[in-house]
> 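The structure follows.
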Amino acid sequence: MKKKAKVIQKKQAVSEDLGVKKTKIRVIGIGGGGGSIVSEIAAKMPKASFVIANTDSQALKNRNKKASVFNFGQSLTHGLGTGMNAGVGREAALLEKDKIKKLMEGYDLCILVSCLGGGTGSGAAPVFAKISRSLGNLTYGIFTLPLKFEGEKKMEMALEALKEVKNYLNAVTLIPNEKVFQVIDKSTPLREAFSIVNKHLSESLGGLIETIYEPGIINIDFADLRTVLDGRGRVAYLNTIETEKKEGSLKEFLSKILSSPFYPYSVKGAKGVLLNITGEKSLSLDEVNQISKTISDLTNAKAKIIFGVSQKSKNANSIKTTVFATGCSFKLDQPKSKEAIKKSALKKKKVEKKKRKNKPKIQKRKTIKKRRKPKPKKEESVAVPVKVEMERKNGLQVKHEVEEVEKELQEKEDIWETPAFLRQNEQEK
């Protein structure tokens with residue numbers, strides 16, 4: 001490590017003599033989780049400057065000696081941390097604005113690393129990012145999100161902080177801690193599991209910084225990085241993979257570089273790409289072409305793709321590629337307001353009520369009774385009306401007929417009024 005440090009110092013001296021400004025990068029770990037990540041990374045990356053910032057004095061004792069310490073908010077927290085209160089973390093950072101400003105002055109790129117969901121990280125990260133942007137620094141955030149078993153409250157805090165901090169960042173890389181279960185065994189100890197995430201970040205950040213600092217056959221410099229980081233709050237994909245060259249291994253290598261298990265997204269749809277390929281002297285043009293073409297096919301049609309190639313004799317039989325893509329196709333989850341949660345709950349109740357209302361009722365099985373056949377009805381005789389033709393008569397005829405009827409009735413009455421013995425005698429005569 002001492003030899004490497006001396007080599008870097010010599011290169012810096014040469015750059016200064018030539019009048020070339022040396023790119024200055026500072027990586028700041030904010031909070032307990034961010035500090036732990038940066039502490040582990042600092043041991044493997046001597047080219048950047050590392051700082052661990054925390055309100056918890058006890059947590060700072062376990063840091064790597066290669067990272068400097070920034071203990072802030074002592075007058076508010078008394079060195080005891082924020083107790084998962086983002087408001088306290090924010091206030092602690094605001095009280096130390098001038099010190100934070102000095103911490104980031106004179107740097108070209110500030111990389112903020114934090115595990116969102118805690119009080120210090122969630123509260124202070126947006127303050128650090130805002131100050132860095134006000135200084136004109138390129139500001140890049142790398143954040144992890146809580147595990148599901150840590151509870152909804154912690155995730156809500158993380159998303160609230162993410163919503164605020166991304167407004168001050170050129171790009172943001174997200175690593176849900178839940179993704180670690182895809183790369184570890186169930187029996188893996190907790191400390192070792194989180195160290196795997198740290199290792200990934202260390203290798204990926206190391207690849208990015210090496211790309212900027214180390215000259216190549218096709219060189220990538222800080223101006224290229226600035227081009228890719230142009231914008232605000234872009235989702236960024238950062239991955240570095242190194243593997244041994246074997247027959248037919250290029251396809252597997254491309255799969256690993258383009259779809260890391262640590263991210264919930266890939267390079268798909270990216271609007272800016274920084275791609276650097278490092279290999280030994282026999283690195284072929286066909287290999288370089290396959291890698292670059294596969295990556296460019298996945299990005300946005302109007303994407304700015306900056307391509308670099310380096311050769312190193314120590315990588316005798318290996319190939320190493322670093323991909324830094326910004327503007328990836330991924331929508332950041334936004335925390336719901338209390339009103340939105342209430343509306344969602346009411347809507348859900350209405351839908352459930354409607355479903356219950358429209359649910360078809362189960363009909364009981366009815367016993368079917370046999371119906372008796374109706375008896376045939378007897379045919380009833382129907383009287384057919386007879387038409388009687390009436391003869392039309394004049395008035396004299398009617399009068400004459402009436403007189404005759406009256407005469408006949410009178411004669412009958414006379415007969416019935418005569419005594420019986422007289423009627424008999426008359427009949428005998």
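Note that this is a predicted model, so its numbers are computed, not measured.
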> According to salt bridge (Lys or Arg N to Asp or Glu O under 4.0 Å), who are the partners of Asp185, at least two apart in sequence or on a separate chain?
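So Asp185 forms no salt bridge (Lys or Arg N to Asp or Glu O under 4.0 Å) with any residue.
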
> In chain order, what residues pass the side chain to side chain contact (heavy atoms under 4.5 Å, CB included) check against Ser266, with sequence neighbours excluded?
Lys268

> Which residues pass the ring pair (Phe, Tyr, Trp, His ring centres under 6.0 Å) test with Phe50, sequence neighbours left out?
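If we apply the ring pair (Phe, Tyr, Trp, His ring centres under 6.0 Å) test to Phe50, skipping adjacent residues, there are no hits.
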
> Let me have the donor-acceptor pairs involving side chains of residues 89-103, under 3.5 Å, with sequence neighbours excluded, atom names and distances please.
unit_1	atom_1	unit_2	atom_2	d
Arg90	NH1	Glu164	OE2	2.8
Glu96	OE2	Gly73	N	3.1

> Using side chain to side chain donor-acceptor pair (under 3.5 Å) as the criterion, list what pairs up with Ser310, not counting sequence neighbours.
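Applying side chain to side chain donor-acceptor pair (under 3.5 Å) to Ser310 gives none.
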
> Can you give me every donor-acceptor pair (side chain of residues 142-153, partner residue at least two apart or in another chain, under 3.5 Å) with its distance?
unit_1	atom_1	unit_2	atom_2	d
Glu150	OE1	Lys154	NZ	2.9
Glu150	OE2	Leu147	N	2.7

> Can you tell me how far CD1 of Ile291 sits from CG of Asp286, rounded to the nearest 0.5 angstrom?
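Asp286 CG to Ile291 CD1: 10.0 Å, rounded to 0.5 Å.
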
> Please list, one pair per line, the donor and acceptor atoms closer than 3.5 Å that link side chains of residues 224-238 to other protein atoms, with sequence neighbours excluded.
unit_1	atom_1	unit_2	atom_2	d
Asp224	OD2	Asp221	N	3.0
Thr227	OG1	Ala223	O	3.1
Arg232	NE	Asn167	O	3.4
Arg234	NH1	Asp230	O	3.4
Tyr237	OH	Asn239	ND2	3.3
Tyr237	OH	Ile257	O	2.8
Tyr237	OH	Leu258	O	3.4
Tyr237	OH	Ser259	N	3.3
Tyr237	OH	Ser260	N	3.1

> Let me check something: any side-chain donor-acceptor pairs from residues 116-130 under 3.5 Å, sequence neighbours excluded? List them with distances.
unit_1	atom_1	unit_2	atom_2	d
Thr120	OG1	Thr55	OG1	2.8
Ser122	OG	Gly117	N	2.8
Ser122	OG	Gly118	O	2.9

> Looking at residues at least two apart in the chain, or sitting in another chain, which of them share a ring pair (Phe, Tyr, Trp, His ring centres under 6.0 Å) with Phe70?
Phe72

> Is it the case that more than 12 heavy atoms not belonging to Lys271 sit under 6.0 Å from its NZ atom?
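No - once you tally the heavy atoms of other residues, nucleotides and ligands closer than 6.0 Å, there are 12 at most.
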
> Checking side-chain polar atoms at under 3.5 Å, does Thr173 have a donor or acceptor matched by the opposite partner on Tyr263?
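No pair is found: no donor N or O on one side chain lies under 3.5 Å from an acceptor on the other.
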
> Nearest 0.5 Å please: distance from the CD1 atom of Ile212 over to the CG atom of Asn276.
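Spacing of CD1 (Ile212) from CG (Asn276) equals 10.0 Å.
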
> What ring pair (Phe, Tyr, Trp, His ring centres under 6.0 Å) pairs are there with at least one residue in residues 202-230, not counting sequence neighbours?
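Residue pairs with at least one partner in residues 202-230: there are none.
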
> Please name all residues satisfying salt bridge (Lys or Arg N to Asp or Glu O under 4.0 Å) with Lys61, sequence neighbours left out, ordered by chain then number.
none

> Any side-chain donor-acceptor pair under 3.5 Å between Ser57 and Asn71?
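The answer is yes; a qualifying pair exists.
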
> Taking ring pair (Phe, Tyr, Trp, His ring centres under 6.0 Å) as the criterion, tell me which of Tyr107, Tyr168, Phe324 meets it with Tyr140.
Phe324

> Holding to side chain to side chain contact (heavy atoms under 4.5 Å, CB included), I want the full list of residues that pass it with Asp297, two or more places apart in sequence or in another chain.
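Partners of Asp297 under the side chain to side chain contact (heavy atoms under 4.5 Å, CB included) test: Lys293.
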
> Report, as yes or no, whether the 6.0 Å neighbourhood of atom CG on Leu285 holds more than 12 heavy atoms from other residues, nucleotides or ligands.
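12 or below, so no.
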
